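Order of the sequence lines fixes the chain letters, A, B, ..., with proteins taken first and strands second; residue numbering starts at 1 for each chain. All values reported here derive from a predicted model rather than from experimental measurement.
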Amino acid sequence: MADHRHEPHRYDPQEIEPRWQAVWAEEKTWEVTNEPFDGKSSYILVMLPYPSGEPHIGHLKVYTVGDAIAHFHRRRGEQVLNPMGYDAFGLPAENHAIATGVHPRDSTAASIAAFRRQFRRWGVSIDWSRELATNDPAYYRWTQWIFLELLRAGLAYKKNAAVNWCPVDATVLANEQVIDGRCDRCGSEVETRQLEQWLFKTTAYAQRLLDDLDTIDWPEHVKTMQRNWIGRSEGALVTFRSEDDPAVGYDVFTTRPDTLFGATFFVMAPEHPDVLKLADGGPHEAEVRAYVDAARAAPNDERSAAERPKTGVPLGRNVINPVNGEPIPIWVADYVLISYGTGAIMAVPGHDDRDHAFATVYGLPIRRVIDGGDGDLPYTGDGRLVNSHADFDGLPNREALTRIIAWLAENGRGERSINYRLRDWLVSRQRYWGCPIPVVYCDGCGLVPVPADQLPVILPDVEDYAPHGRSPLAAAEDWVATTCPTCGGPARRETDTMDTFVDSSWYFLRYCDPHNDEAAWDPAAVNRWMPVDQYIGGIEHAILHLMYARFFTKALADLGHLDFQEPFAALFTQGMITRDGAKMSKSKGNVVSPGPLVDRYGVDTARAYILFIGPPDQDADWSDEGLEGVHRFLGRLWRLAAETADAAPVGDSGTAALGATGDPPSDPAGADLELVRKAHWAIDKVTHDMDGRFAFNTAIAAVMELINDCSRLRESASGPAMRFALATAASLIFPFAPHTATDAFHLLTGRRVWEEPWPVADPKLLETDTFELVCQVMGKLRDRVEAPTGASRDELEALALAAPNVQAHIAGREIVKVVVVPGKLVNLVVR
RNA sequence: GCCCGGGUGGCGGAACGGUAGACGCGGCUGACUUAAAAUCGGCUGUCCUACGGGCAUGUGGGUUCGAAUCCCACCCCGGGCACCA
């Protein structure tokens with residue numbers, strides 16, 4: 001039989017990858033305990049997937065990014081928590097059930113199995129002992145407990161309100177789930193309905209959600225999106241009293257109390273509760289009724305189109321402007337929104353675009369009260385007050401604003417006020433596949449929370465999953481009919497389920513203590529890991545999930561269950577992978593499936609390519625050729641390692657002299673020195689690219705450079721130097737291509753790279769004896785000369801002046817200035 | 001309209017205010033091979049009168065010895081918010 005050592009080496013990821021995965025699974029390499037740890041701990045968390053079908057390329061990207069970070073931290077001696085779970089309640093599984101009759105529990109379980117299989121095939125370093133699924137009663141029992149805690153604190157409440165209704169999904173939606181007047185799931189036009197619904201009081205946390213953004217290390221654009229969503233406005237609440245009955249007053253919120261003297265009419269939203277009352281018996285009663293009915297029936301997105309001509313109807317009554325006693329007419333108009341401020345406004349057509357447009361249509365008076373602009377109204381900028389009152393005329397409007405608020409407050413006509421765009425989070429869903437809301441309704445006791453020791457309220461099986469305007473659970477009569485926990489009398493269960501964003505608003509806490517059946521978590525376990533050191537996920541969650549999880553954390557902290565205010569200390573949002581410049585979709589036929597890709601090239605190639613393609617926070621376009629390039633690189637690395645190991649296998653007698661340990665030669669020179677230096681340069685480069693940055697693309701490029709040098713110096717460098725350089729390359733590529741790196745490192749050294757500390761660059765080897773001195777004349781590159789490292793400014797200047805091409809460019813000219821950047825360049829300024 | 005990002009070779013992308021284009025792809029070319037694949041090397045921004053030089057980082061200005069990088073104005077692309085008073 002031929003000596004296998006002399007056969008050509010073939011890089012075979014299909015053999016290498018499962019072999020090491022088996023070791024990691026067998027030894028439970030990535031599991032961590034909650035026992036106290038002396039060193040540093042890191043919680044590296046990737047947003048949990050919604051299990052639907054098979055994982056796609058976006059999943060591969062996000063878990064590859066998370067895994068690279070987790071591995072890097074581990075190799076630096078930290079204990080790393082890197083868990084996995086499934087956001088398993090939700091509409092797609094339920095819609096699938098409606099179409100096929102397969103229970104969502106079964107299709108979800110099948111999909112979870114597929115995800116789990118893929119994650120193992122991808123070699124992601126997950127602590128599988130902490131795996132969870134949000135549809136598991138052992139999990140949602142505590143989702144229900146949190147609901148009850150919020151209820152106890154008055155942060156969960158029920159109210160009859162105008163809500164966003166999706167006619168296709170037949171359920172209500174949170175404000176955040178309505179995009180351009182459409183359902184963010186199915187795209188159908190959202191209607192308004194009046195319904196009794198559960199809400200969480202996110203508005204109580206508006207200011208803290210805003211303030212604490214300053215305490216977390218998140219991308220600025222994500223913070224900006226959250227700030228805009230919270231939408232804080234400073235201004236005043238001003239009371240306008242009825243002309244007919246001074247006891248009745250209507251509050252308005254305004255950011256421009258400085259323009260109060262320019263208010264020439266008053267407008268209420270069609271939904272304002274007093275509109276019809278005020279119009280009753282007036283000259284426009286019928287007209288007002290028709291207008292209000294039409295406004296209510298109009299679709300949301302039609303209502304909210306800003307370019308639409310302004311419409312409205314006068315109510316035939318007046319209110320008194322509190323600053324000057326002027327009676328001004330009340331109108332109803334749909335450009336005023338019931339959902340913001342008080343649902344009524346003072347209209348200042350001289351200094352507000354919308355009020356101006358309205359006044360123009362109906363011929364209402366337009367008055368200038370702020371000086372400035374090009375003379376045309378409306379003018380919305382700053383200036384001095386005019387036509388207002390002797391006390392304020394002539395003042396800069398910002399100063400007048402403060403004084404007018406003070407005056408209003410002194411006279412009991414208004415006060416300083418802050419308004420937020422943020423609304424309370426509507427969590428009721430009239431759907432089946434979600435967490436049941438744990439309350440019952442008793443004829444005698446009213447609304448009764450299910451006692452904590454009776455949780456979970458188990459989601460029952462039903463025959464018909466289809467929504468019919470009420471929750472499918474309502475049809476489960478045996479389940480709905482229950483007894484009151486308080487009086488023991490007959491009672492009925494709440495049949496709405498919770499928005500799935502509730503489930504995912506606390507899963508990161510459960511990972512810390514996933515098997516606890518006494519409590520949602522042990523505070524010690526949570527404090528062991530939380531807050532998450534690095535959270536990783538898609539930008540599409542910039543508002544919804546990330547806002548809700550922050551709200552939960554703050555509310556639970558206030559209730560004494562948590563010791564911190566923010567769940568995610570740092571956030572990284574990865575970009576999308578496109579193909580041919582477009583989002584991948586089945587209809588476009590441009591989908592890259594991880595399965596076949598991994599079968600063909602191995603997962604390391606796919607992982608390293610995804611990270612090499614560009615900065616991971618940006619969108620990147622897929623290229624099959626680019627993938628091939630990375631595959632060639634990994635093959636080259638592995639083959640060089642196999643050949644080098646072959647020349648002196650680990651364990652052979654006398655290999656110590658050949659550097660079988662992977663240690664560098666003690667006193668390298670010539671090609672050895674060049675190679676050892678390059679290895680240290682790569683250590684330094686990769687470490688900097690990983691540490692606090694996410695520059696995986698340039699880190700991989702640095703290892704490519706090192707491998708290129710190994711290849712180039714193959715004949716001239718010694719065994720130990722080559723072995724050291726290759727072992728270093730394998731060690732550095734490990735976070736990105738863990739299987740190939742592990743195998744190559746093992747061939748070279750007989751050791752396991754994941755148990756090795758992250759290499760440290762030797763500063764002495766980062767320096768060279770000489771450097772290339774850049775010689776510029778007038779800022780333009782004219783020559784390059786060899787200069788000794790550490791040369792003085794004068795020496796460098798002399799070297800530059802002597803450079804032949806510099807001579808040619810300064811001949812016959814006067815040198816007026818010499819700029820020397822030591823270790824870098826000399827720039828000669830001539831006249 | 002307002003608020004964020006971003007415009008660099010044929011392509012993806014590099015570049016503490018200091019050699020623009022690292023690394024990879026593609027292309028051209030050589031070695032090996034009966035041949036192909038695989039593999040290993042070389043060249044590759046552009047133009048010119050080519051051992052040198054001009055022009056080049058969306059456009060136009062500015063700051064600086066020196067600008068892809070900083071400042072001002074504008075254009076284009078992507079994203080978010082939008083009748084929010």
Side-chain angles (χ1 to χ4, degrees), chain A residues 8 10-11 179-180 219-229 231-233 235 252-256 259 263 267 269 303-308 310 333-337 339-348 351-355 357-358 380 419-422 539-540 542-543 575 609 612-615 617-630 632-633 635-636 639 685 688 695 697-705 707-708 711-712 714 772-784 804-805 808-809 816-821 823-830:
Chain A
R10 194 173 70 89
Y11 171 53
I179 311 293
D180 295 333
E220 206 47 53
H221 67 281
V222 176
K223 290 192 190 183
T224 302
M225 283 166 75
Q226 293 220 346
R227 285 190 191 107
N228 290 344
W229 191 262
R232 182 185 202 268
S233 293
V252 299
F253 173 74
T254 174
T255 56
R256 294 295 303 275
T259 63
V267 190
R303 261 279 304 264
S304 61
E307 318 77 45
R308 210 163 54 99
K310 298 276 181 288
D334 65 5
Y335 81 93
V336 174
L337 309 175
S339 57
Y340 185 79
T342 62
I345 62 154
M346 66 171 197
V348 184
H351 303 282
D352 180 276
D353 293 325
R354 299 150 301 178
D355 297 343
F358 190 84
T380 55
N419 230 282
Y420 301 91
R421 204 188 79 104
L422 184 73
I539 186 68
E540 67 273 19
I543 294 171
Y609 171 64
F612 181 65
I613 195 169
D617 55 334
Q618 288 175 24
D619 290 351
D621 206 57
W622 184 268
S623 144
D624 289 336
E625 291 79 16
L627 180 83
E628 296 268 5
V630 172
R632 282 197 284 272
F633 155 67
R636 203 153 51 231
R639 274 192 309 277
K685 174 76 178 148
H688 278 104
N697 55 333
T698 52
I700 292 168
V703 182
M704 285 176 169
E705 284 196 50
I707 288 299
N708 289 346
S711 197
R712 181 169 60 83
R714 193 164 16 170
E772 196 174 61
L773 178 69
V774 170
C775 306
Q776 296 178 332
V777 178
M778 300 298 284
K780 281 187 184 295
L781 173 72
R782 293 305 178 189
D783 217 331
R784 287 175 253 224
N805 204 38
H809 278 89
V816 294
K817 188 171 179 182
V818 180
V819 179
V820 181
V821 182
K824 205 99 188 180
L825 64 74
V826 173
N827 185 21
L828 303 168
V829 185
V830 297

Euclidean distance for C1', B:U46 against B:G10 (whole angstrom): 13 Å
side-chain hydrogen bond (donor to acceptor under 3.5 Å, both in side chains) against A:Arg232, all qualifying residues, sequence neighbours excluded: A:Gln207, A:Glu234
Sugar-phosphate, base or nothing in reach of A:Glu772, heavy atoms under 4.0 Å: base
Within-4.5 Å side-chain heavy-atom neighbours: A:Met704 and A:Phe612: yes
Per A:Asn827 side chain, nearest of listed nucleotides B:C83, B:G66, B:U39: B:G66
Side chain to side chain contact (heavy atoms under 4.5 Å, CB included) partners for A:Asp783, two or more places apart: A:Cys775, A:Ala803, A:Pro804, A:Asn805, A:Val806
Same-atom distance (P) from B:A68 to B:C83, integer angstrom: 43 Å
Listed partners of A:Asn827 passing side-chain hydrogen bond (donor to acceptor under 3.5 Å, both in side chains), at least two apart: none
Interface polar pairs with nucleotides 8-12 of chain B, N/O, under 3.5 angstrom:
from  : atom 1 : to       : atom 2 : distance (Å)
B:G12 : O2'    : A:Ile613 : O      : 2.7

A:Arg421 vs B:A82: side-chain N/O to OP1/OP2 distance below 4.0 Å: yes
Closest listed nucleotide, where the reference is the side chain of A:Ile543 and the choices are B:G66, B:C81, B:A14: B:C81
Spacing of A:Arg421 atom CZ and A:Tyr340 atom OH [to the nearest 0.5 Å]: 9.5 Å
Given RNA chain B, 5'-ward residue of the pair A:Val829 and A:Lys685, judged by closest heavy atom: A:Lys685
Between B:C3 and B:A15 - C1' atom distance, rounded Å: 29 Å
Separation between the C1' atoms of B:U34 and B:U44, rounded to whole Å: 32 Å
Earlier contact from the 5' end, RNA chain B, for A:Gln618 and A:Met346: A:Gln618
Sequence-distant partners of A:Ser339, side-chain hydrogen bond (donor to acceptor under 3.5 Å, both in side chains), two or more places apart: none
SB check A:Glu220 A:Arg227 (cutoff 4.0 Å): yes
What's touching nucleotides 41-46 of chain B from the protein side, N or O pairs under 3.5 Å?
from  : atom 1 : to       : atom 2 : distance (Å)
B:G41 : OP1    : A:Ser711 : OG     : 3.1

Between P of B:A82 and OH of A:Tyr340, the distance in whole Å: 12 Å
Geometric class of the A:Tyr335/A:Phe358 ring pair [parallel <30°, tilted 30-60°, perpendicular >60°]: tilted
P spacing across the pair B:G45 / B:A36, given as an integer number of angstrom: 28 Å
Shortest side-chain distance from A:Gln776, nucleotide among B:G18, B:A22, B:A85: B:G18
Side-chain donor or acceptor of A:Tyr609 paired with backbone N/O of A:Ser623 under 3.5 Å: yes
Whole-angstrom distance between B:U8 and B:U57, as gauged at atom C1': 4 Å
Interatomic distance, A:Ile707 CD1 vs B:C23 P [rounded to whole Å]: 14 Å
Set of side chain to side chain contact (heavy atoms under 4.5 Å, CB included) partners for A:Asp353, sequence neighbours left out: A:Pro378, A:Thr380
A:Val348 backbone acceptor or donor facing A:Asp355 side chain under 3.5 Å: yes
Qualifying residues under side-chain hydrogen bond (donor to acceptor under 3.5 Å, both in side chains), relative to A:Glu628, sequence neighbours excluded: A:Tyr601
Sugar-phosphate only, base, or nothing, as touched by A:Gly341 at under 4.0 Å among non-hydrogen atoms: nothing
Listed nucleotide nearest any side-chain atom of A:Arg632, set B:A85, B:G26, B:C81: B:G26
Interatomic distance, A:Leu337 CG vs B:A85 C1' [rounded to whole Å]: 9 Å
Contacts of A:Gln226 that satisfy side chain to side chain contact (heavy atoms under 4.5 Å, CB included) - sequence neighbours left out: A:Leu213, A:Trp218, A:Leu546, A:Met547, A:Arg550
Anti/syn call for B:A50, syn if |chi| within 90°: syn
Per A:Thr698 side chain, nearest of listed nucleotides B:A85, B:A14, B:C25: B:A14
Any A:Val774 side-chain heavy atom under 4.5 Å of A:Leu781 side chain: yes
Phosphate contact (B:G18 OP1 or OP2) by A:Lys824 side-chain N/O below 4.0 Å: no
A:Leu422 CG - B:A82 P separation (whole Å): 12 Å
Nucleotide nearest A:Thr224 when distance is taken to its side chain, options B:C4, B:C81, B:G18: B:C4
Contact state string [nucleotides 49-57 of chain B, B base, S sugar-phosphate only, - no protein heavy atom under 4.0 Å]: ---SSSS--
Sugar-phosphate, base or nothing in reach of A:Pro615, heavy atoms under 4.0 Å: sugar-phosphate
Protein-nucleotide distance (A:Asp353, atom CG; B:G1, atom P), rounded to Å: 12 Å
Among B:G24, B:G18, B:A85, the one nearest A:Val336 by side-chain distance: B:A85
Note, A:Arg256 side chain near A:Asp352 side chain (heavy atom, < 4.5 Å): no
Whole-Å distance separating the CG atom of A:Asp617 from the C1' atom of B:C4: 14 Å
Sugar-phosphate only, base, or nothing, as touched by A:Val774 at under 4.0 Å among non-hydrogen atoms: base
Separation of the P atoms in B:C55 and B:G60, to the nearest angstrom: 14 Å
Validation row: A:Leu627, A:Trp622 side chains within 4.5 angstrom (heavy atoms): yes
Gap between atoms CZ and P, on A:Arg227 and B:A82 respectively (whole Å): 18 Å
A:Thr255 side-chain proximity, nearest of B:C83, B:A85, B:C3: B:A85
Euclidean distance, atom CE of residue A:Met778 to atom P of B:G18 [Å, nearest integer]: 20 Å
Where RNA chain B forms stems, i.e. three or more consecutive Watson-Crick or G-U pairs with both distances under 3.5 Å: B:1-7 with B:75-81, B:10-12 with B:23-25, B:26-31 with B:39-44, B:45-48 with B:52-55, B:58-62 with B:70-74
Conformer about C1'-N of B:G9 - syn within 90° of 0, anti elsewhere: syn
Partners meeting side chain to side chain contact (heavy atoms under 4.5 Å, CB included) with A:Val818 (sequence neighbours left out): A:Glu797, A:Ile815, A:Val820, A:Val826, A:Leu828
